[in-house]
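One structure below.
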Protein chains: 2
Amino acid sequence: MQPGVQVMKPTSAEPYLKIGDVAKKVGVSPSVIRSWESLGLARPRRTESKYRLYTADDVKLLKRARFLRKVRGLNAAAIVQLLKREGKVHPAGDGNAGAIGAHLRQLRARRRLSLAQVAQAVGISVGFLSALERSQMSGSVGTLRKLARFYKKNILDFFNASGASGRQVRPAERKVLEAGAGVRMELLAWGNTVMEPHLFRIAPEAGSGDPYAHEGEEFIYILRGDLEITLDGEEYRLKSGDSFYFESATPHRWKNPGRRETWVLWVNTPPTF
Amino acid sequence: MQPGVQVMKPTSAEPYLKIGDVAKKVGVSPSVIRSWESLGLARPRRTESKYRLYTADDVKLLKRARFLRKVRGLNAAAIVQLLKREGKVHPAGDGNAGAIGAHLRQLRARRRLSLAQVAQAVGISVGFLSALERSQMSGSVGTLRKLARFYKKNILDFFNASGASGRQVRPAERKVLEAGAGVRMELLAWGNTVMEPHLFRIAPEAGSGDPYAHEGEEFIYILRGDLEITLDGEEYRLKSGDSFYFESATPHRWKNPGRRETWVLWVNTPPTF
DNA sequence: ACAACCTTGCTATAATCCCGCAAGGTTAGA
DNA sequence: TCTAACCTTGCGGGATTATAGCAAGGTTGT
């Protein structure tokens with residue numbers, strides 16, 4: 001059951017509608033109403049057997065959403081954001097479901113695979129995988145297991161480490177994402193965040209290896225030691241106290257040219273790992 | 001040349017960028033920047049040979065658009081509407097190009113054809129036809145000719161009657177869209193409008209024929225005579241002065257049951273003809 | 001008892017979005 | 001003057017998203 005969903009019997013003083021009725025009134029299919037719900041648009045109460053119960057206000061909101069969709073051409077994410085700005089919807093935090101989707105997309109993006117490639121390998125449809133990654137549909141345990149196996153992860157990875165960090169993260173609480181050869185990354189905030197801050201600890205001579213590029217922007221601050229970073233063939237030597245801002249689309253590579261460990265505060269948006 | 005586009009030489013006091021530079025800074029391809037431009041997002045000046053000239057403000061706006069697209073997941077139509085609300089962009093009226101697209105989509109929708117069906121019949125790609133209908137790409141004369149032929153229209157229909165009406169439309173200025181057996185429809189406003197108001201003149205015993213349904217909502221006001229309208233098997237007899245509001249998704253049919261001509265003011269949204 | 005609805009998980013298809021290319025023209029530097 | 005690297009418009013191919021329906025099983029209301 002989704003977090004925040006309330007199970008209760010409606011009182012006869014409060015007329016309600018079932019999803020089929022609402023679909024007819026609004027002019028979209030029940031499937032669409034359910035998918036909009038998962039984005040935070042209209043969160044109806046439920047009976048004990050989990051039937052959705054909509055109010056007249058819900059119908060009104062959904063009609064507005066339909067207008068924005070069909071007449072104005074806004075997609076669902078935009079509709080939710082607009083109605084959120086107007087205080088008309090209050091989408092719950094993503095919780096686990098949202099984090100799973102983002103995690104799946106990161107895993108796929110990192111391997112530079114298309115939706116079609118992963119979907120075919122795992123035995124699900126492209127549309128379904130897209131919806132999973134965008135947290136618009138939920139997968140069964142069987143499906144998540146297949147995906148975990150494909151990415152060589154443990155299915156528990158999807159449930160455990162997926163939570164969001166609190167605002168404050170003490171050193172012992174940091175999540176270590178990956179420890180490559182001589183490179184240790186400690187995540188300083190995670191969950192549904194737009195920025196992804198890390199603390200990098202880089203041993204002497206260790207680095208990123210070959211140049212790479214991806215989308216986004218990156219901010220670096222040298223806490224201690226030196227960092228050599230090369231963008232588009234141009235080399236920079238950064239020292240303690242230096243900062244550096246660049247676009248991830250520019251091919252770049254970096255390494256620690258010094259004799260002691262370098263510590264770098266590194267923030268990128270959007271999250272790429 | 002698009003209405004409102006200004007040809008002028010930039011002064012050396014005002015630094016400008018070409019589209020390739022902008023694409024690199026923003027992090028999308030030149031094609032995407034061009035397609036966003038056609039939606040009203042960033043309208044750069046041009047050199048005499050039509051090269052686009054972007055300012056630093058344009059770049060800033062496009063970066064914001066990219067963020068909204070890639071991080072927030074808003075589609076281009078939503079981004080334009082949001083930035084319009086903030087007074088950051090001022091999309092020009094659609095003019096001819098916009099009207100052609102809307103006209104094409106109406107022609108296709110009316111025949112209940114898919115993009116794929118029309119595209120294949122005409123010999124263009126689905127994506128291109130979609131973009132044409134959404135006024136995001138322009139077609140050559142050859143392409144428009146093929147489409148006109150497919151729909152059994154004159155290519156001039158795309159250029160002439162596509163303009164928008166003025167606010168005021170006198171009786172003699174009304175556009176007669178269709179005159180079926182005993183049914184005359186006079187359009188009272190046209191162009192890029194969300195509502196489509198008509199005056200229907202319906203001879204005795206004439207009507208819509210078989211029940212039909214489509215998307216949208218409809219408002220009717222009986223100016224004179226009677227109208228019999230049936231929704232979902234339920235019959236209504238409307239007289240002069242009566243009004244009627246219903247959802248187009250409900251299967252409906254109507255006819256004039258009286259002995260003299262019925263005049264009905266009929267408004268529907270979105271436009272369906 | 002049963003028709004008509006609901007649930008979740010998922011598919012197939014329709015539509016949109018993105019980026020690259022062809023053909024031809026322009027720019028800016030060697 | 002030449003030429004590489006860019007631009008233009010028109011369009012295609014492929015990736016992604018949006019929509020509506022279905023299977024299997026459960027619920028509701030007459």
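Worth knowing before you read on, the calculation uses all heavy atoms, side chains too, and leaves out hydrogens, waters and symmetry mates. Bear in mind that the values here come from a model prediction, so they are computed numbers and not experimental data. Residue numbers begin at 1 in each chain, while the letters A, B, ... track the order of the sequences.
Contact check on Arg43(A) versus Glu37(A) returns no salt bridge, with no Lys/Arg side-chain nitrogen under 4.0 Å from an Asp/Glu carboxylate oxygen.
When the nucleotides dT7(C), dG12(D), dA18(D) are ranked by their closest atom to the side chain of Ile19(A), dT7(C) comes out on top. Side-chain proximity of Arg69(B) to the nucleotides dT16(D), dC6(C), dC17(C) is greatest for dC17(C). When the nucleotides dT7(C), dT11(C), dA15(C) are ranked by their closest atom to the side chain of Ser114(B), dA15(C) comes out on top. Among the nucleotides dA18(D), dT16(C), dG25(C), the one closest to any side-chain atom of Tyr51(B) is dG25(C). Nearest nucleotide to the Thr47(A) side chain, out of dC17(C), dT16(C), dT28(D): dT28(D). Residue Arg52(A) places its side chain closer to dT8(C) than to any other of dT8(C), dC19(C), dT27(C). Picking from dT16(D), dC19(C), dT11(C) the nucleotide with the shortest atom distance to the side chain of Phe128(A) gives dT11(C).
Residue Ser138(A) places at least one side-chain N or O under 4.0 Å from the OP1 or OP2 atom of dG9(C). Listed pair Trp36(B) / dC18(C) meets the phosphate criterion, a side-chain N or O lying under 4.0 Å from OP1 or OP2. Between Asn75(A) and dT16(C), a side-chain N or O to OP1/OP2 separation shorter than 4.0 Å is absent. OP1 or OP2 of dT27(C) sits under 4.0 Å from a side-chain N or O of Ser49(B). One finds a side-chain N or O of Ser29(B) lying less than 4.0 angstrom from the OP1 or OP2 phosphate oxygen of dC19(C). OP1 or OP2 of dT16(C) has at least one side-chain nitrogen or oxygen of Ser130(B) nearer than 4.0 Å. Here Arg105(A) reaches the OP1 or OP2 of dT17(D): one of its side-chain N or O atoms lies under 4.0 Å away. The shortest distance between the side-chain N/O atoms of Ser125(A) and the OP1/OP2 oxygens of dC10(C) is not below 4.0 Å. Taking 4.0 angstrom as the limit, Arg108(B) places a side-chain polar atom (N or O) nearer than this to OP1 or OP2 of dA15(C). The phosphate of dA14(C) has neither OP1 nor OP2 within less than 4.0 Å of any side-chain N or O from Arg112(B).
Residue-level contact check: Ser35(A) touches neither bases nor backbone, having no heavy atom under 4.0 Å from any strand. Residue Arg34(B) is classed as a base contact, given a heavy-atom separation below 4.0 Å to a base. Using a 4.0 Å heavy-atom distance criterion, Gly127(B) is classed as a base contact. Residue-level contact check: Gly123(B) touches the backbone only, with heavy atoms under 4.0 Å from sugar-phosphate atoms and none from bases.
One atom, CD1 of Ile124(B), and another, P of dG10(D), lie 13 Å apart when rounded to the nearest Å. At whole-Å resolution of the value, CZ in Arg46(B) and C1' in dG25(C) are 14 Å apart. One interatomic measurement links the two molecules: CZ of Arg134(B) to P of dA18(D), which rounds to 13 Å at whole-angstrom precision. We find that CG of Leu41(A) is positioned 12 Å from P of dT19(D), with the value rounded to whole Å. The distance from atom CG of Leu115(B) to atom C1' of dT16(C) is 9 Å, rounded to the nearest whole Å. The distance from atom CD1 of Ile33(B) to atom C1' of dC7(D) is 13 Å, rounded to the nearest whole Å. The nearest whole Å value for the distance from the CG atom in Leu132(A) to the P atom in dC10(C) is 8 Å. Across the protein-nucleic acid pair, Leu68(A) atom CG and dA18(D) atom P stand 14 Å apart, rounded to whole Å.
You won't find any donor-acceptor pair under 3.5 Å spanning the side chain of Ser140(A) and the base of dG9(C), going by distance alone.
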Criterion salt bridge (charged side-chain N to carboxylate O under 4.0 Å, His left out) on Glu235(B) and Arg253(B), from CA distance to verdict
CA-CA 10 Å; Glu235(B) 223 170 79; Arg253(B) 66 177 167 80; 5.3 Å; no

Audit row: Leu115(B), Arg108(B), side-chain contact (heavy atoms from CB on, under 4.5 Å) steps and yes/no
CA-CA 8 Å; Leu115(B) 282 166; Arg108(B) 180 172 65 82; 3.5 Å; yes

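Tyr151(A) is listed as a side-chain neighbour of Val118(A), based on a closest heavy-atom distance under 4.5 Å.
Take the nearest nucleotide of DNA chain D for Val32(A) and for Asp21(B): the residue whose nucleotide is more 5' is Asp21(B). Toward the 5' end of DNA chain D, the nearer of the two residues Tyr54(B) and Gly139(B), judged by each one's closest nucleotide, is Tyr54(B). The residue among Val126(A) and Gly73(A) whose nearest nucleotide of DNA chain C lies closer to the 5′ end is Val126(A).
Separation of atoms CZ (Phe150(A)) and CZ (Arg111(A)) is listed at 7.5 Å; rounding is to 0.5 Å.
Within 6.0 Å of CZ in Arg105(A) there are more than 12 heavy atoms belonging to other residues, nucleotides or ligands.
No side-chain donor-acceptor contact under 3.5 Å links Arg45(A) to the backbone of Tyr54(A).
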